[in-house]
Structures are given as C-alpha cells and as structure tokens.
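Below: the structure, in structure tokens.
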There are 2 protein chains.
Amino acid sequence: MNNDEAAALGSEQMRARIAWYYYVAGLTQQEISDRLGIARARVNKIAGQLRADGSVVVDIRLPLVSCVELEEQLKAAYALKQVAVVPSVADDEQLRRMIGDAGGIMLDALIADGQCISVGWGRTLSASIKRLRSRQLKDSSVVSLMGGLTRGSETNTFEVSTELAKTLGADCYYVTAPIYCPSIESREILLTHSGVNEVMERARKSDLAIVSCGDLSHKTALTAMSSVGERLPDLKKSGAVGEILGTFLDAQGLPVDHILNQRVIAMPPADLKMIPNSILISGGLYKADIIEAILCAGYVNCLVTDEAVAQRLVASRR
Amino acid sequence: MNNDEAAALGSEQMRARIAWYYYVAGLTQQEISDRLGIARARVNKIAGQLRADGSVVVDIRLPLVSCVELEEQLKAAYALKQVAVVPSVADDEQLRRMIGDAGGIMLDALIADGQCISVGWGRTLSASIKRLRSRQLKDSSVVSLMGGLTRGSETNTFEVSTELAKTLGADCYYVTAPIYCPSIESREILLTHSGVNEVMERARKSDLAIVSCGDLSHKTALTAMSSVGERLPDLKKSGAVGEILGTFLDAQGLPVDHILNQRVIAMPPADLKMIPNSILISGGLYKADIIEAILCAGYVNCLVTDEAVAQRLVASRR
DNA sequence: CGCAATATAATACATTTGTATTCCAATAAC
DNA sequence: GTTATTGGAATACAAATGTATTATATTGCG
C-alpha cells in the first residue's frame with residue numbers, strides 16, 4: 001500500500017490499519033505514521049483510543065492462582081454460581097477496565113439468543129459492555145432496570161442499555177423516568193401512568209440481570225448528583241452503606257428507611273432474586289461494604305470483583 | 001499484596017501478575033517492578049516474552065475492508081472454502097506472527113473433538129499453534145505429515161506436532177524418519193519397515209491438514225539445510241518454484257523431476273486433496289509463486305496469507 | 001465572503017521502554 | 001574447597017512513547 005492510497009483511507013479504516021500495525025505487527029508509531037502519511041501524534045492518540053474503546057482487546061492466558069482460589073472460596077461462602085476475581089490496582093479507572101474486561105468475558109459466555117437481559121448502570125458496566133462480542137440476536141431484548149439521570153452524566157442509564165442493545169442487535173426498553181422523583185406523589189403518578197410499570201414487569205421476567213453498585217463516597221457517580229450528594233449525611237445516619245439499582249441498603253443488605261428510597265424509580269433489589277442469572281460487576285476496596293451487603297442478602301448469584309475486595313469478603317465470612 | 005508475598009511468587013505466577021498489570025491494568029514497568037520487588041529490566045523482558053509466547057494475545061475487532069475484499073476474491077478465484085488475509089509488513093518475523101495469529105483463529109473454529117489433525121512444519125505453523133486455545137480433546141489425534149530434520153533446527157517437525165498435540169490434549173503420531181533420505185534405496189527400506197507407512201496412512205485419512213510451504217530463497221528454513229541448499233541451482237533448473245511437505249513443485253503445482261523429490265519422506269501433496277479441510281498458512285511476497293502453484297493445483301481448500309500476496313494471487317487470475 | 005470551530009501537522013520535551021553492560025550471589029561441577 | 005555457570009540486580013543509554021503547544025489547513029455557518 002502506498003501513501004496515496006493511505007491518504008484516501010477513511011478514518012475507520014485508518015483506525016483498523018493502526019490497530020493491526022501497532023498491536024499485532026508491532027511496528028513503532030513512527031513507522032506507522034510514515035507509512036500512512038499522518039502525524040505520529042495522531043497515531044499515538046488513536047492507538048490509545050483503540051485500547052480504551054474496546055476495538056483492541058487483550059486476553060491473558062495465565063490464570064493467577066491466588067485469584068482462582070479466591071473465586072472458589074467466594075462461590076462457597078456466598079452460594080454463588082460464578083465468580084471472577086482480577087488483581088487489584090490503585091488507579092480507579094484502570095481497575096474499572098480490568099473488572100469490566102472480566103465481566104465482559106463472563107457475559108459473553110452467558111448471553112444467548114432468545115433472552116431478555118436487564119441492565120443497571122455504571123461505568124464498570126459500561127466497560128463490560130464494550131468488551132462484548134457484537135452479535136445479531138433477533139429474538140432478544142434489553143431492559144433497563146432503573147430510571148435515568150437528569151443531569152447529563154458521562155454515562156447515563158439510557159446510554160448503557162442502548163449500547164448493550166446495539167452490541168447484541170437486540171431491542172431495547174427504557175424506564176422513561178428520573179431515577180429519583182421530586183416527591184412521593186410524582187413517583188406514584190409516573191408509576192401508574194407512563195408505561196414504566198410495564199417495563200419493570202418485563203425486567204422482573206428477564207433471564208439475565210447485569211448490575212453494579214455504589215458506595216457513599218464522592219467517588220461514586222450517583223452521589224455526584226446534587227440531589228443525592230447533599231443527603232449523604234442523612235443516608236449514613238440511616239445506616240446505609242451504599243446502593244444497588246438506586247436503592248440504598250444497610251450492612252445486612254436491607255433497604256434503609258430514607259426518603260430517597262421512597263422516591264426511587266427502579267426495580268427493587270429483592271426482585272433480582274427471581275432472575276435466573278444476576279451478575280454484580282463491581283470492585284475497589286471502598287465498595288467492599290456495599291458489595292458484602294448485596295451478597296449477604298443474596299440479591300445476585302454471580303460476581304466480578306478485584307482481589308482486595310475478594311479477600312475482604314472471604315475474611316468476613318470466616 | 002505486599003512485597004514479601006510477591007518475593008515468594010513462583011516464576012509462573014510472576015509472569016501472570018506481570019501480564020495482568022502491564023497488558024490489562026496498564027501500569028508502567030517501573031511500577032510493576034516496584035510492586036513485585038524485582039528489577040525493571042526483568043519486567044521488561046518478561047513482558048516481551050508474554051507477547052511472543054502467546055500468553056498474551058490481542059484481538060482486533062475492526063476488519064480491514066481491503067483485506068475482506070481480497071478474501072472474497074480469493075475464495076472465488078481459487079474455489080477456496082475459507083480465506084484470511086492480514087495486512088502486509090516488511091519484517092518477516094512480524095509477518096509470521098500476524099499470519100500465525102490469523103491462522104490460529106481459523107483453526108480454533110475448525111478444530112473439534114473426535115478429529116484427526118495432520119500437520120506439516122514451519123515457523124508460521126508454529127506461531128499458529130501457539131495462538132490456539134488449549135483443550136482437552138480425548139478422542140483426537142495429531143499426525144505428522146513429514147519426516148524430521150536431522151540438523152536440529154529451531155523448530156523441528158516433531159516439535160510442531162508435539163506442541164499441537166499438547167495444546168489439544170490429543171495423541172500424537174510421528175513420522176520417525178528424516179525428511180530426505182540419503183538414497184532412494186534407504187527410502188524404500190524406511191517406508192517398508194519402520195511403521196512410517198502406517199503413520200502416513202493415518203495422515204491420509206485425517207479430517208484436517210495444516211501445512212505451510214517454502215520458496216527457493218535462503219530465507220526459507222528448509223533450504224537452510226545444507227543437503228537442500230546446495231541443490232538450489234539444480235532445483236531451479238528443473239523448474240521448481242518452492243516446496244510443500246518437502247516436495248518441490250513447478251509453477252503449475254506439479255512435482256518436479258528431481259532427486260530430492262525421489263528421496264522425500266512425507267505425504268505426497270496430491271493426497272491432501274482427499275482431506276476434507278486443508279489449510280495453507282503462509283505469507284511474504286517471496287513465497288507468492290509457490291503459494292500460487294499450490295492453489296492452482298488445488299491441494300488445499302483454505303488459505304491464510306498477507307495482503308501483498310493476496311493481491312498478486314488475485315491479479316494473476318484475472 | 002469572512003469567521004469561528006474543528007481537525008491535523010509540526011515541534012518540543014518529559015517519561016517510559018528496550019537493551020547492553022557490569023557485577024554479584026547462588027548453584028552446580030570438579 | 002575451588003571454579004564455572006547461571007540468573008538476576010544495578011546501571012546506563014538510546015529509542016520509542018505520551019503529551020502539550022503552536023501553527024496550519026478545513027469545515028461549516030452566518
């Protein structure tokens with residue numbers, strides 16, 4: 001291929017060439033920029049994006065025995081069907097990608113045609129979905145498990161379900177309501193009128209649920225919403241350790257008595273128990289408490305997390 | 001994990017940690033060496049090995065349209081069942097790895113339990129086999145298609161079949177003879193007495209054959225054997241353009257009349273036609289002639305090669 | 001048309017990586 | 001016990017990479 005041809009490449013084909021040359025052939029970025037006739041800085045940027053957006057994925061074929069052991073211990077301790085544990089790293093974003101990758105691999109094996117897949121929200125979930133192989137499932141559907149965020153966040157609940165549906169080639173059903181209603185009355189109105197109930201009914205009957213969870217620190221995306229963030233002291237006083245599907249739970253995994261829980265529009269966590277396969281994808285030591293609460297209550301039967309959290313979980317069951 | 005624990009890690013677990021931290025988490029080699037308490041240079045070396053030995057594999061999820069087009073054209077032009085084309089790069093070793101990767105992906109999809117898989121020899125084949133997922137096939141076997149090299153080469157025929165059998169968890173049958181006999185008489189003796197015939201019979205009945213090919217330059221491993229290398233002028237005079245399974249072919253794909261062909265111990269190329277799936281894995285522009293010859297004769301029905309060769313092949317069928 | 005917004009090239013620089021070299025300790029061979 | 005051999009640490013340095021800055025098209029819009 002000569003430079004004239006290269007110059008005529010669309011940006012998508014440019015990305016594909018860079019992916020091959022850099023990640024498979026092992027050319028240097030300089031060589032690639034020469035060959036393609038573009039600035040090296042651009043190659044560098046695109047190469048980074050390719051990793052981040054899941055166009056290039058790496059598989060590690062050496063299991064870590066310490067993680068494999070933890071997986072087995074967690075399965076036994078919390079009666080889980082499937083567990084994946086990845087090594088811990090300090091950087092949150094890197095950890096999310098690692099857990100997301102592992103979650104994607106688990107999902108890849110569980111997803112089949114003819115299923116209804118319900119999905120929560122979160123950056124880790126978003127990473128998992130990027131990792132999935134795309135398919136053309138004709139008889140499948142994706143359902144959102146919770147209302148949307150009004151303040152445009154980097155990842156909205158709508159975005160997660162849309163992306164999953166697109167990747168799978170499935171239909172998508174949205175909970176067209178805010179995650180927290182302004183008042184208990186408005187919640188009633190929304191539930192009775194807007195078709196939200198039908199979607200949640202569909203979610204209850206789904207074959208596979210994919211959820212994440214949030215703790216009470218400011219690191220968690222949900223608490224970054226002003227409506228939630230300003231209530232953090234309240235929530236802590238009420239005994240909450242974090243949330244799943246927008247519902248705040250205490251250390252035993254029971255919903256706490258708090259105004260936010262009365263205004264949430266999402267499937268109640270207890271309903272997850274009716275779903276054959278439910279996966280919690282979440283890690284980072286600061287989420288250990290809420291993860292433990294969710295497992296104690298038995299809301300989910302599969303888990304993807306990191307080594308440090310797994311150790312905590314195993315230790316507290318001794 | 002603290003340093004004391006890390007220091008106690010076996011080297012295999014060390015490799016696994018490095019794989020995760022470097023390729024998935026994206027830590028720098030310095031960070032990893034600090035965390036594991038080892039020299040950075042060692043991390044660097046291991047990280048390189050992990051890529052090379054197939055413990056870390058990368059998947060590109062963006063197809064190159066130019067390659068996809070060539071695949072379709074080749075299928076049509078040479079009546080092939082499956083074709084994979086990867087972008088070309090100048091460096092031979094890099095190209096081998098790319099083609100090997102693509103070959104591994106094709107093989108992964110074709111290999112099933114209960115099969116007999118026959119295999120030739122070559123560095124590209126070796127790369128393909130490294131890329132395969134390991135399995136536990138109880139009712140499968142691997143058969144070598146050709147005799148061994150006496151002069152210890154970096155990859156011997158025995159090594160390729162052994163590694164494939166190990167990866168698949170299958171039995172392995174070897175052609176316990178040199179690829180070229182010292183004389184026509186010794187060849188007769190070997191064929192009648194040593195069980196070589198039984199193995200070749202088994203190969204003829206195999207379900208899947210995996211072969212590579214060699215050209216007549218000194219780049220090719222086979223011609224590096226002194227017994228072959230010194231006959232290169234002869235071979236060229238007799239019209240040979242390269243070899244498959246140790247048998248030298250002319251541009252039409254017919255075995256040439258040459259002493260080496262009379263002394264080769266390997267399955268004759270024509271017998272490949274009886275095998276349901278036969279894959280030729282080979283690339284590099286200097287091999288275009290022999291690849292074309294093999295395809296013209298219809299010895300194989302699947303092909304893995306690179307873009308430049310694919311273009312040549314398509315062009316010469318116009 | 002001119003203007004702002006965007007994308008890319010060109011450049012520079014700090015960080016990270018690959019690699020060679022030397023040195024040291026543990027181990028095996030004598 | 002002494003001497004090779006080996007594997008890894010320590011070091012140094014060149015190459016490659018990540019990133020910021022500025023300059024230069026290119027595009028879309030009023």
Side-chain angles (χ1 to χ4, degrees), chain A residues 1-58 60 62 89-94 96-98, chain B residues 1-58 60 62 87 89-98:
Chain A
M1 152 162 291
N2 63 41
N3 283 3
D4 294 336
E5 280 179 286
L9 282 177
S11 98
E12 196 56 21
Q13 283 304 298
M14 183 89 85
R15 284 163 46 82
R17 289 258 156 211
I18 292 172
W20 278 95
Y21 289 144
Y22 190 64
Y23 289 106
V24 186
L27 302 193
T28 68
Q29 298 181 352
Q30 186 62 66
E31 286 172 315
I32 297 171
S33 69
D34 290 346
R35 186 184 291 226
L36 262 39
I38 60 178
R40 186 179 66 78
R42 204 171 144 212
V43 175
N44 181 278
K45 192 139 42 106
I46 292 175
Q49 285 170 0
L50 287 166
R51 274 303 305 284
D53 73 10
S55 300
V56 172
V57 301
V58 317
I60 305 295
L62 301 167
V89 290
D91 183 86
D92 277 353
E93 195 176 321
Q94 291 168 342
R96 258 198 301 281
R97 206 180 59 223
M98 292 179 73
Chain B
M1 152 161 293
N2 63 41
N3 282 5
D4 295 336
E5 279 178 286
L9 281 178
S11 97
E12 197 55 23
Q13 284 305 298
M14 183 89 85
R15 284 162 46 81
R17 290 257 156 212
I18 292 172
W20 277 95
Y21 289 144
Y22 190 63
Y23 289 106
V24 185
L27 303 192
T28 69
Q29 299 180 351
Q30 185 64 67
E31 287 171 315
I32 297 171
S33 70
D34 290 347
R35 186 185 290 227
L36 261 38
I38 60 179
R40 186 180 66 77
R42 205 171 143 209
V43 175
N44 181 277
K45 194 141 38 109
I46 292 175
Q49 285 170 0
L50 287 166
R51 275 302 305 283
D53 74 10
S55 301
V56 172
V57 300
V58 318
I60 306 294
L62 302 166
V89 290
D91 183 87
D92 277 352
E93 196 176 321
Q94 292 168 339
L95 185 58
R96 258 198 301 281
R97 206 179 59 223
M98 292 178 73

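Lettering of chains follows the sequences in order, A, B, ..., and the numbering in each one begins at 1. Just the heavy atoms: all of them, side chains too, but no hydrogens, waters or symmetry mates, feed the values below. What you are looking at is a predicted structure, and each value in this text was computed from that prediction instead of being measured.
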If we fit an axis to the first five pairs and another to the last five of the helix from C/dC1-D/dG30 to C/dC30-D/dG1, what angle do they make, to the nearest 10°? 30°
Figure out the NZ/P separation between A/Lys45 and D/dA16, and round it to whole Å. 22 Å
Whether A/Asn44 contacts D/dT17 is assessed here as follows: a side-chain N or O lying under 4.0 Å from the phosphate OP1 or OP2. Is that the case? no
CG of B/Leu36 versus C1' of D/dA9: gap in Å, rounded? 15 Å
Find the distance B/Arg51:CZ to C/dG18:P and express it as a whole number of Å. 11 Å
I need the OH-P distance between A/Tyr22 and D/dT17, as an integer number of Å. 4 Å
Contact under 4.0 Å: A/Gln30 side-chain N or O vs D/dT17 OP1/OP2: no
Starting from C1' on C/dA10, measure out to CG on A/Asp34 and report it in whole angstrom. 14 Å
Let me know the distance between CG of B/Leu50 and P of C/dT17, rounded to the nearest Å. 14 Å
Do the side chain of A/Tyr21 and the main chain of B/Val89 share a donor and acceptor less than 3.5 angstrom apart? no
C/dA9, OP1 or OP2 - any side-chain N/O from A/Arg42 closer than 4.0 Å? yes
How long is the gap from CD1 on B/Ile18 to CG on B/Asn44, to the nearest 0.5 Å? 10.0 Å
B/Arg40 side chain: which of D/dT17, C/dG18, C/dT11 is closest? C/dG18
From CG (A/Leu36) to CD (A/Gln13), nearest 0.5 Å: 11.0 Å
Nearest-Å distance for atom pair CD/P, residues A/Gln29 and C/dT15: 18 Å
Side-chain donor or acceptor of B/Arg97 paired with backbone N/O of B/Ala52 under 3.5 Å: no
Could you say whether B/Leu27 or A/Ile38 is positioned toward the 5' end of DNA chain C, judged by the nucleotide with the nearest heavy atom to each? A/Ile38
Side-chain contact check for B/Thr28: nearest option of C/dA9, C/dT17, D/dT11 is C/dT17
So, taking the atom named CZ in A/Arg40 and the one named CD1 in A/Ile32, what distance separates them when rounded to the nearest 0.5 Å? 11.0 Å
Separation between CZ of A/Arg15 and CD1 of B/Ile60, rounded to the nearest 0.5 Å: 10.5 Å
Around atom CD of B/Glu93, are there more than 12 heavy atoms from other residues, nucleotides or ligands closer than 6.0 Å? no
